[in-house]
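The next block holds one structure in the form of structure tokens; read it before the comments.
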Amino acid sequence: MIDVHHIEQISQDCSLTEFVGTTVLDTIGLVIPGIDPSLLEKMNLKKPYKSLGLISSRTGAAGQINAADEAVKSTNTEIVSIELPRDTKGWGGHGCFIVIGGDNVSDVRRAVDIALEYIGKYAGELYISQAGHLEFTFSACADKALHMAFNAPIGKPFGFFCGSPAAIGLVMADLAVKSSPVEVIKYMTPDQGTSHSNEVIVAVTGDADAVKNAVLTARDVGLQLLVSMGSYPESPATPYLQ
Amino acid sequence: MIDVHHIEQISQDCSLTEFVGTTVLDTIGLVIPGIDPSLLEKMNLKKPYKSLGLISSRTGAAGQINAADEAVKSTNTEIVSIELPRDTKGWGGHGCFIVIGGDNVSDVRRAVDIALEYIGKYAGELYISQAGHLEFTFSACADKALHMAFNAPIGKPFGFFCGSPAAIGLVMADLAVKSSPVEVIKYMTPDQGTSHSNEVIVAVTGDADAVKNAVLTARDVGLQLLVSMGSYPESPATPYLQ
Amino acid sequence: MIDVHHIEQISQDCSLTEFVGTTVLDTIGLVIPGIDPSLLEKMNLKKPYKSLGLISSRTGAAGQINAADEAVKSTNTEIVSIELPRDTKGWGGHGCFIVIGGDNVSDVRRAVDIALEYIGKYAGELYISQAGHLEFTFSACADKALHMAFNAPIGKPFGFFCGSPAAIGLVMADLAVKSSPVEVIKYMTPDQGTSHSNEVIVAVTGDADAVKNAVLTARDVGLQLLVSMGSYPESPATPYLQ
């Protein structure tokens, strides 16, 4: 048993079989090979999978959900639930808590591994300044995670833009949807669909070029407005949308 | 298009026509001259104004709502919505997201300008310490923003006091309403009317002298209790109520 | 009246009769000897106690609720309400706002005093790192506060474990309930029962040894997972469960 008076003796290389890995944005990936039946009952899952994969971050949501989307596309697993806590470590947005289910633990572990890898990439389109933050994501072909979270039509291109303080998100979205023939599929505000985050979030679908163009327009506008507030944002990874 | 790998080249003097200005409390003021119809539909506004003015802050709510109140009083505009995200940049309160509507963009821009100016003043009655915060506001003559947010009777004096951690807000309110013949028109707690903020919020109406006196009593009590927690609060502007 | 332009002249030794004391976790304890009738009406209490005791913290909930449990056990008072604001000063959890009622102010003041003392002890099982936090509590004999907040059977042993980011909480809980013959009485997640915190919270009952063992197992697992995220947690007091 751990000596709680000497916590510094715990290794940062976690040896628990449940541990899969960690990545940027205070993200941890875990698996539960066979969830305890009494907990499973309380979780009230639609399908009572016994093997669960968990993706949990303090900051960010769309990039992680897009990453989970890639994970379920290429493994024999399914998204069980997506929850968006009000977090971001003192900033105005969400973290995420995503549960993936599968019939065997190796499928689920593989899915969590893939998701962690994509989160490291997709975090490149998160921009955080002293004043607020912006998040963007794009998928050429949405799958069930993006469908569950944002009504994305499965198999179609998907674009997402989010700005905080909230007004930045709305102006970004207005200019983005004017710039391209896209369809708005989700509109979220502090009182509508979020966990009271200080964001306006808009998701769109359409032709791939139109959706990509809308996301890039939103990013262009959002960065100008965020910088106008007096500090420069940084990204936890490398911007990749172009 | 902006080079996202050289964000520091973006000017802090924003040249977008949507930009109106910024002020304390991570506040940005924006206008949307003619909102995109597909977004307007999703916004589900009671009156579908095409020109929208936006006030959005990371920290504070009552001062901004009072400032918006002044703005609609003196322009041909209307409050469309007031939302209170759970924010304050890591503290226990709200930010705000206020939408103003008008029939032409110059009216709306003027309203946002006026609101920004008043926010710079009203922020003087926000006090933030290491332990918590206090917010106060007073209006001799409430208009539609204060009515929408706090049930303020239109045309009547309005007083507001808010303390965090929540217990400070309740003791402040108790002594304030005992000190003056005022009527309690709003009572908010973490589970009642707030976005789960760590505050008790009370709003009152009555004769101007009684309301002002209640606010000053609440401030006196709140400052003593907040300081008892071991650190001194600062205000982002100059206290102005006396 | 206080000179708000010289706040630093306010004494940190609060002389208001409402002040009881402060303790760790930005906690303040207060009493209201006879609450104003117009406020009492708005508070909508189940029993309209006139003397109220208030426990209010920025960070932590289970330890404070357990402390309030001890307080009502040994005084002639009752728990009136327990609210969990989304707080923790920028971390992913809750603060608390607990109201205790009694027929006379000395009983209530004594209850607040006892609660503050126990909070100083129970805070020892809160662990906060750069990435997240863990909270544990144990009671050999739950009373009305733990019953109100977590469905604890009155008079029975009670154990509580909570981890953030949320996935850590679920893995802790899974291994804890597998390690001991306990019954799960509460399961909370960002969207279920919390104020959108980034936590999974599980509460259990059973024989004292089994409940204690489950809590210690959860702590062992939680500390290993939290440390895997790259920083070591600290506790605001001394860990006491063994």
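Computation of the quantities below employed the complete heavy-atom set of this structure, encompassing side-chain atoms and omitting hydrogens, waters and symmetry-equivalent molecules. In what follows, chains are A, B, ... by sequence order, proteins preceding strands, each numbered from 1.
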Do [X] and [Y] make a side-chain contact, defined as non-hydrogen atoms from C-beta onward lying under 4.5 Å apart?
| X | Y | value |
| --- | --- | --- |
| B/Val227 | C/Cys14 | no |
| C/Asp26 | B/Met229 | yes |
| C/Ile28 | B/Ser228 | yes |
| B/Tyr232 | C/Gln12 | yes |
| C/Val4 | B/Tyr127 | yes |
| B/Pro239 | C/His5 | yes |
| C/Leu39 | B/Lys178 | no |

### Query
Which residue, B/Val184, B/Ile185, B/Val202, B/Thr189, forms the side chain to side chain contact (heavy atoms under 4.5 Å, CB included) with C/Lys42?
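By the side chain to side chain contact (heavy atoms under 4.5 Å, CB included) criterion, C/Lys42 pairs with just one of B/Val184, B/Ile185, B/Val202, B/Thr189: B/Val184.
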Contact origin within [X] toward chain C - heavy atom pairs under 4.5 Å:
| X | value |
| --- | --- |
| B/Ser197 | backbone |
| B/Val221 | both |
| B/Leu175 | side chain |
| B/Ser231 | backbone |
| B/Gln192 | both |

Answer key: most heavy-atom pairs under 4.5 Å with chain C among B/Val200, B/Leu216, B/Leu170 is B/Leu170
Checked C/Val31, C/Leu52, C/Ile32, C/Thr23 vs chain B; the most non-hydrogen pairs under 4.5 Å come from C/Ile32
*Could you have a look at C/His196, C/Glu41, C/Lys89 and say which one has the most heavy-atom pairs with chain B under 4.5 angstrom?*
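That would be C/Lys89.
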Quick check on [X] against chain B: is it the side chain, the backbone, both or neither that has a heavy atom closer than 4.5 Å?
| X | result |
| --- | --- |
| C/Thr27 | backbone |
| C/Ser11 | backbone |
| C/His94 | neither |

task = Determine whether more than 12 heavy atoms belonging to other residues, nucleotides or ligands lie under 6.0 Å from atom CG of B/Asp209.
result = no
When you look at CG of B/Asp191, are more than 12 heavy atoms from neighbouring residues, nucleotides or ligands closer to it than 6.0 Å? yes
Those residues of residues 159-167 of chain B that come under 4.5 Å of chain C on a heavy-atom basis, listed by number, are B/Ser164, B/Pro165, B/Ala166, B/Ala167
